[in-house]
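Encoded as structure tokens, the structure appears first; notes follow it.
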Amino acid sequence: MPAPPASFPALAALLALLLASASGTDVHDIGEAQFTYEGPQGPSHWGDLSPKFAACARGQHQSPVNIVRNATVANKNLKALTRDYRPANATLVNNGFNIGVVYEEEVGMLLVDGKNYSFKQMHWHSPSEHHIDGIQFPAELHLVHKASDGNFAVVAILYRLGDPDPLISKIKGQLDQLAKEACGADEEAHIPLGIFNPKQIKRNTRKYYRYVGSLTTPPCTENVTWNVLGKVRSISKEQVASLKAPLAADDKTNFRPLQPLNGRQVQLYDELGNQ
Ligand SMILES: *[C@@H]1O[C@H](CO)[C@@H](O)[C@H](O)[C@H]1NC(C)=O
Ligand SMILES: *[C@@H]1O[C@H](CO)[C@@H](O)[C@H](O)[C@H]1NC(C)=O
Ligand SMILES: *[C@@H]1O[C@H](CO)[C@@H](O)[C@H](O)[C@H]1NC(C)=O
Ligand SMILES: *[C@@H]1O[C@H](CO)[C@@H](O)[C@H](O)[C@H]1NC(C)=O
């Protein structure tokens, strides 16, 4: 049977898509819905953009939060965060709303309270999403891990302005290359990093804040185990600029506003206190 001629609605949809990508609209597709950090598709509207994003509006255990240090509770049952990462092929990705490093193969595990989570990707937000004692930092790195049952554990690292971060220095060339590639609607820009050694993410995990929250981008999935490291790292002004440069105009300030704790407790792991 010959293929039926393309219907008018299909052609109209195709045309709309072509026009949208030609104009480089600053919106991003997650399935059928799009979101940004400003304007009518900004964070206060995420929950209305798609039924799949309902948790963004109605979830009671959302992220990020303000961590009030004197309100945290030391929990001696928390364990050190144990990681076992190995070098793996990776890609630097600009999905329009953040810059990240995505692994194409098994890169290793993070052991959180006796449960294995596989390291999937890491990405930056600027300024930071989590606050400590009401202070917002210039940037935050999220190391995203997923268990075989689909649950997430994220390690968050805050940055203060100062010396350059050695890890970001290593990918400077690729970040600059990313800034030269336009990223239009529902497009991603990819730059191969080759074999990337996540052990370069030197992190001091002697102290961390633990709470249960959500992904900070749609669909805002809950029951994410957050581990915000107490050790703040340093990043240079130029590096913050290079993490923003490739992003769409509506997404250069890519933090979600603070969410209420709604009775949740933030726990503190402190190696010195736990011995
Ligand atoms: C905790 O810190 C906040 C602000 O940093 C302060 O207003 C409050 O009085 C402190 N509470 C206690 C119990 O120390
Ligand atoms: C790394 O990934 C790139 C792009 O997917 C691929 O071309 C290359 O062969 C991979 N390298 C290794 C060592 O797996
Ligand atoms: C976690 O993964 C590591 C490395 O794959 C493995 O050696 C270990 O046995 C796993 N632990 C648990 C509790 O599943
Ligand atoms: C929430 O996450 C924890 C830790 O990954 C997991 O053990 C638990 O089954 C999850 N609960 C739900 C309701 O998914």
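Ligands are counted one by one from 1 in listed order, and the atoms in each one are counted from 1 as well. All residue numbers refer to positions in the sequence shown, counting from 1. For clarity, every value in this text was computed on a predicted model and none was experimentally measured.
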Counterpart residues, salt bridge (Lys or Arg N to Asp or Glu O under 4.0 Å), relative to [X] (two or more places apart):
X: Asp176; result: Lys172
X: Lys231; result: none
X: Lys237; result: none

Query raised in the report: How far apart are the C-alpha atoms of Thr72 and Gln267, what are their side-chain angles, what is the distance that settles it, and do they pass the side chain to side chain contact (heavy atoms under 4.5 Å, CB included) test?
Result: CA-CA 5 Å; Thr72 62; Gln267 301 190 330; over 6 Å; no
Is there any protein N/O under 3.5 Å from an N/O of ligand 3, and what does the full list of such pairs look like?
from: ligand 3; atom 1: 2 (O); to: Asn116; atom 2: OD1; distance (Å): 3.3
from: ligand 3; atom 1: 2 (O); to: Asn116; atom 2: ND2; distance (Å): 2.4
from: ligand 3; atom 1: 11 (N); to: Asn116; atom 2: ND2; distance (Å): 2.9
from: ligand 3; atom 1: 14 (O); to: Asn116; atom 2: ND2; distance (Å): 3.0

Query raised in the report: Under 3.5 Å, N or O to N or O, is Asn223 touching ligand 4 that way?
Result: yes
Query - Polar side chain donor-acceptor pair, Glu105 to Asn89, under 3.5 angstrom - result: no
Query - side chain to side chain donor-acceptor pair (under 3.5 Å) evaluation trace for Ser50 with Gln34 - result: CA-CA 9 Å; Ser50 160; Gln34 303 171 317; over 6 Å; no
